[in-house]
Each structure stands twice: as structure tokens, then as C-alpha cells.
Amino acid sequence: MPPEAIVTNSDAIIRSTTGPSPDQAESLFEHVAWLYAFCREKVFRDDTDRIIAALWSKRAPDAGEKVIELGCGPGFYSRNLAQRFPQILVTGVDRSEGQISRARRHAQDAAVANCAFEQVNALQLPCEDANFDVLIASRLFTILYDPNRAVAEMYRVLKRDGRCFIAEPRYAIWASIPLFAMWLLALTTHARNGYREPHKATVYSERSFANLFARQPWKSVSTWHDGRYQYALCQKA
């Protein structure tokens, strides 16, 4: 099998590296994938309506509009947006094979045909420049070791005037709940403790969150907070 394959599901829009990455077995999101999926589906805030209001407040998305979700987990937002707007093409990407497998099953069970899911590292998106109209990410920066590189990738893959919507927790305790629960479960099941994830989530102050986007020449950047979450809406120049 070749090292790279063209995605053929629901109109090819990105390339995906086949097979698991060498360190997949060292990820909490693989060992206890079901627990994070439960948190995403049942515990975390559902920002679907906020995403739609921020990105498509004045009009519905155009037919064929391409949307990518970074760190999609079990595909909650990708699936929701694809269901709301059957005219768009949604790709959810995540580094975890277990999360992607769940996302695909959920989409298949819901008969959602306009979204696909691929195992991809958000820091190394295997697609051409200016490929997507919209990018979304929720709780992505809590565990990233190189957030500046992630933002650079976001900027690179967006088309001119493309927009990204980012949602991040504001409080360390709330942000760390899934990590703490996954670590605790891993310890109680006597699994090895060489996982790559940190024990505590990274949480940004309002100023440092806004500064995440300062290195790229965005056309516009807007940040705000609402309860336990803070948000950014950026448009590419």
C-alpha cells in the first residue's frame, strides 16, 4: 500500500496518510477514546448555533462550500453542520484513529453523506494552500504543543476571505476535566503511563488568546467570551 492515498469519500478534498502514526498507542485519546467521545457528546457546551451565527448570519453557505474541522474528535460539529447544510462538504480531521472511527460510525448511522473524516495531524495538514472556505476548531489548543504552527496551518489552508471559528475554554479546571478523567481511568486499568498528552490542559488569558492570531496577516480578527468559553472569528486577507 502506498504511504499516501487520495480521499475518495464524498468528493476528495484532502489527502490522508494511511495507517496509524507511530505513537498512536501512546495517546489517551486512543486508550480511552469512548470517554472523550462521551464528554464531547454529553458534557461540553454545544456551540453549533454559535458557529452558524458567526459564520453564516446573513446567508446560508453556498453549494459546494468546503469546511474543515480540526481536532474533530467523534465528529460532533462536523456531523451537525453537514446535517444542517446538505449543500456543503465537511471534512473532520483528528490525530486519533479511535476518534475518527467513532466519527465515521456516527455519520454513517445518521446517514450523513456530505462529511468525511480523516486521521490527520492538525500541525501538518496534507492539503494544498487555499483549499477551504471555512475552518472550525473547538478545544484544540488545550493540548497542542505548538499553537503558533497550528494557526499558521489554519491560515495557509483557508481561501482568500475564508473564515475560521475557534472556541476554547476559559478556566483550567473545566478545560482539564476530560484529561483528568482519562488519566484516572488509564491508571485504574493499570495501563502504562507513557501517554503524550499533558496532565493539565492549557488555558489562555483573553490577551494571550487574542495574541495567538497576531502572527498571521488576517483581514480581520474578533475575539469575545461567553461564560466558560472564549471565541475567535478570523477572516483571511
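- Annotation: the span from Gln99 atom CD to Gln119 atom CD amounts to 11.0 Å, rounded to 0.5 Å.
- Without hydrogens or angle criteria, Arg170 side chain to Gly227 main chain gives a donor-acceptor distance under 3.5 Å.
- In this structure, NZ in Lys66 is found 4.5 Å from CG in Asn131, a value given to the nearest 0.5 Å.
- Without hydrogens or angle criteria, Arg215 side chain to Ala152 main chain gives no donor-acceptor distance under 3.5 Å.
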*asked:* Quick one, Asp94 with Ser96, criterion side chain to side chain donor-acceptor pair (under 3.5 Å). Give me CA distance, side-chain angles, the key distance, then yes/no.
replied: CA-CA 5 Å; Asp94 198 285; Ser96 166; 4.5 Å; no
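- Note that the CZ atom of Phe165 and the CD1 atom of Ile136 stand 8.5 Å from one another [nearest 0.5 Å].
- Closest non-hydrogen pair, Trp224 versus Ala232, comes out as CZ3-C, 4.2 Å.
- Taken to the nearest 0.5 Å, the CH2 atom of Trp56 stands 4.5 Å off from the CD1 atom of Ile88.
- In this structure a side-chain-to-backbone donor-acceptor pair under 3.5 Å is present from Gln235 to Asp161.
- The pair Arg79-Glu41 meets the salt-bridge criterion, with a side-chain N (NZ, NE, NH1 or NH2) lying under 4.0 Å from an Asp/Glu carboxylate O.
- Distance alone, capped at 3.5 Å, places no donor-acceptor pair between the Gln216 side chain and the Met154 backbone.
- Interatomic distance, CZ of Arg84 versus CD1 of Ile51, reported as 10.0 Å (0.5 Å rounding).
- Side chain of Lys236 to main chain of Lys159: no donor-acceptor pair is present (N/O by atom type, distance under 3.5 Å, no hydrogens or angles).
- Between the side chain of Tyr77 and the backbone N or O of Asp47, at least one donor-acceptor pair lies under 3.5 Å.
- In this structure, Cys115 and Ala107 approach most closely via the heavy-atom pair SG-CB, 4.0 Å.
- Ring pair Tyr231/Tyr229 is parallel by interplanar angle, where below 30° counts as parallel and above 60° as perpendicular.
- Heavy atoms only, all atoms of each residue included: Gly92 and Ile100 are closest at O-CD1, 4.1 Å.
- Taking a 6.0 Å sphere around CD of Gln87, one finds it holds more than 12 heavy atoms contributed by other residues, nucleotides or ligands.
- Shortest non-hydrogen contact noted between Pro169 and Val203 is O-CG1, 3.6 Å.
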_Leu233 and Leu55: CA distance, side-chain angles, deciding distance, side-chain contact (heavy atoms from CB on, under 4.5 Å) verdict_ = CA-CA 8 Å; Leu233 179 64; Leu55 295 171; 3.7 Å; yes
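- When all heavy atoms of Arg228 and Arg45 are compared, the closest pair comes out as N-NH2, 4.2 Å.
- Remark: side-chain polar atoms of Arg149 are paired, donor with acceptor, to backbone N or O of Leu123 under 3.5 angstrom.
- Annotation: the span from Gln83 atom CD to Ser78 atom OG amounts to 11.0 Å, rounded to 0.5 Å.
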_Go through it in stages, so that I can follow the logic: the residues are Phe132 and Leu125, the test is side-chain contact (heavy atoms from CB on, under 4.5 Å), and I'd like the CA-CA distance, side-chain angles, deciding distance and then a yes or no._
CA-CA 12 Å; Phe132 294 94; Leu125 297 174; over 6 Å; no
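- Closest approach of Glu168 and Phe141 over heavy atoms only: OE2-N, 3.0 Å.
- For the pair Arg139 and Phe44, the cation-pi criterion (under 6.0 Å, within 45° of the ring axis) is fulfilled.
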*asked:* Is there a side-chain contact (heavy atoms from CB on, under 4.5 Å) between Leu135 and Leu70? Walk through the geometry before answering.
replied: CA-CA 8 Å; Leu135 182 149; Leu70 304 189; 3.9 Å; yes
